[in-house]
Amino acid sequence: MTRNLLIHRGKLVHFAGVTLRAWFTAAELAGVTPETLKEQDRLGYRTRTFPHFAAFFRDHTTEDLADDETLVDRFQQIKGVGPCTAAVMASHASRDPSVLGLDVWNRKILARRLLGAEDAASEDIQRHMKELLPGHAGTAALYLVEHEFIRSPVAPLLATDALGAWNRTLATSAA
């Protein structure tokens, strides 16, 4: 999906002999029809919500969202976003240091690392993190989760010998 979006929506940037594929903007994505997102970009089930995300971020600048104490509530204005997803967005994407967004995997990692349990209720993990690191529970959780995967990532970066093929695909796909 990411490769398709980069190929179809990203722009080629040439600098110092290097060609990169730049990310698209929310405004550029907001104009893409759900049918195109489904058929050409292969978004699957995300097709239903992706246009709403694009429109929201087209209409709200980074400055508009920065230091917003109601960020989690504002993200829930996006069709298809509930409290859990909004917290993950505020924590992971917006880097709000105090918001702790817990999906099922992060919850299990933090339960093991902090509570010595295979799993725990989100509320228990939230309470524990906020007691340990008031105002910084979200950032600390991000570091703990990232540390879990540092040696065996869920989606490892491309092997060095695969980079050339990846870059050629991205460079030639615009033609």
Checklist entry - Out of curiosity, does Leu20 fall in the hydrophobic cluster containing Leu6 (side-chain heavy atoms, cut-off under 4.5 Å, transitive links)? => result no
Item to check | Audit row: Arg74, Asp64, side-chain contact (heavy atoms from CB on, under 4.5 Å) steps and yes/no | outcome: CA-CA 11 Å; Arg74 289 186 74 186; Asp64 178 37; 3.1 Å; yes
Item to check | Polar side-chain atom of Thr47 near backbone of Gly44 as donor-acceptor pair, under 3.5 Å | outcome: yes
Item to check | Gap between atom CZ of Arg42 and atom CG of Leu37 - 0.5 Å precision | outcome: 12.0 Å
Checklist outcome for this item: side chain to side chain donor-acceptor pair (under 3.5 Å) filter on Arg113, not counting sequence neighbours, yields Glu148
Item to check | Members besides Val99 in its Ile/Leu/Val/Met/Phe/Trp/Tyr cluster (side-chain heavy atoms under 4.5 Å) | outcome: Val72
Checklist entry - Does Ile78 belong to the same Ile/Leu/Val/Met/Phe/Trp/Tyr cluster as Leu65, with side-chain heavy atoms less than 4.5 Å apart forming each link? => result yes
Next on the checklist: Quick check on the hydrophobic clustering: are Leu102 and Leu114 connected, directly or via other members, by side-chain heavy-atom contacts under 4.5 Å?
Outcome noted: yes
Checklist entry - Hey, would you say the Phe56 and His60 ring centroids sit under 6.0 Å apart? => result yes
Checklist entry - Is there any salt bridge (Lys or Arg N to Asp or Glu O under 4.0 Å) pair reaching into residues 102-111, and which pairs are they, with sequence neighbours excluded? => result Arg107-Asp119
Next on the checklist: With rounding to the nearest 0.5 angstrom, report the CD to CG distance, Gln77 to Asp59.
Outcome noted: 11.0 Å
Checklist entry - If Ile, Leu, Val, Met, Phe, Trp and Tyr residues are connected whenever their side-chain heavy atoms lie under 4.5 Å apart, and connections chain through other members, are Leu115 and Met129 in the same group? => result yes
Checklist entry - Taking all non-hydrogen atoms of both residues, which atom of Gly138 and which atom of Ser91 are closest, and how far apart? => result O-OG, 4.0 Å
Checklist entry - Considering only heavy atoms from C-beta outward, does the side chain of Arg127 approach that of Asp124 to under 4.5 Å? => result yes
Item to check | Spatial distance of atom OG1 (Thr36) from atom CZ (Arg9) [nearest 0.5 Å] | outcome: 6.5 Å
Item to check | Co-membership, hydrophobic cluster, residues Phe50 and Trp23, 4.5 Å side-chain | outcome: yes
Item to check | OG1 on Thr85 to CD on Gln76, rounded to 0.5 Å | outcome: 9.0 Å
Checklist entry - Side chain of Glu131, backbone of His128: donor and acceptor closer than 3.5 Å? => result no
Checklist entry - Closest approach of Ala26 and Ala54, non-hydrogen atoms and distance? => result CB-O, 3.5 Å
Next on the checklist: Can you confirm whether or not the ring centre of Phe57 sits under 6.0 Å from the ring centre of Phe75?
Outcome noted: yes
Checklist entry - Is it true that Asp41 and Arg46 have a side-chain N and a carboxylate O under 4.0 angstrom from each other? => result no
Checklist entry - Does some side-chain heavy atom of Glu28 sit less than 4.5 Å from a side-chain heavy atom of Arg58? => result no
Checklist entry - What pair of heavy atoms forms the shortest contact from Pro34 to Pro51, and how long is it? => result CG-CG, 4.1 Å
Checklist outcome for this item: Heavy atoms of Ala22 and Val13 approach each other most closely as CB-CG2, 3.6 Å
Item to check | Closest approach of Ser98 to Ala137 (non-hydrogen atoms, all atoms of both residues) | outcome: O-CB, 4.3 Å
Checklist entry - So how far is it from Thr33 OG1 to Gln40 CD, rounded to the nearest 0.5 Å? => result 9.0 Å
Item to check | CG-CZ distance between Leu43 and Arg48, expressed to the nearest 0.5 angstrom | outcome: 11.5 Å
Checklist entry - Between Val81 and Ala86, what is the shortest heavy-atom contact and its length? => result CG1-N, 3.7 Å
Checklist entry - Hey, is the main chain of Asp73 close enough, under 3.5 Å, to the side chain of Thr70 for a donor-acceptor pair? => result no
Checklist entry - Are the side chain of Gln126 and the backbone N or O of Leu100 linked by a donor-acceptor pair below 3.5 Å? => result yes
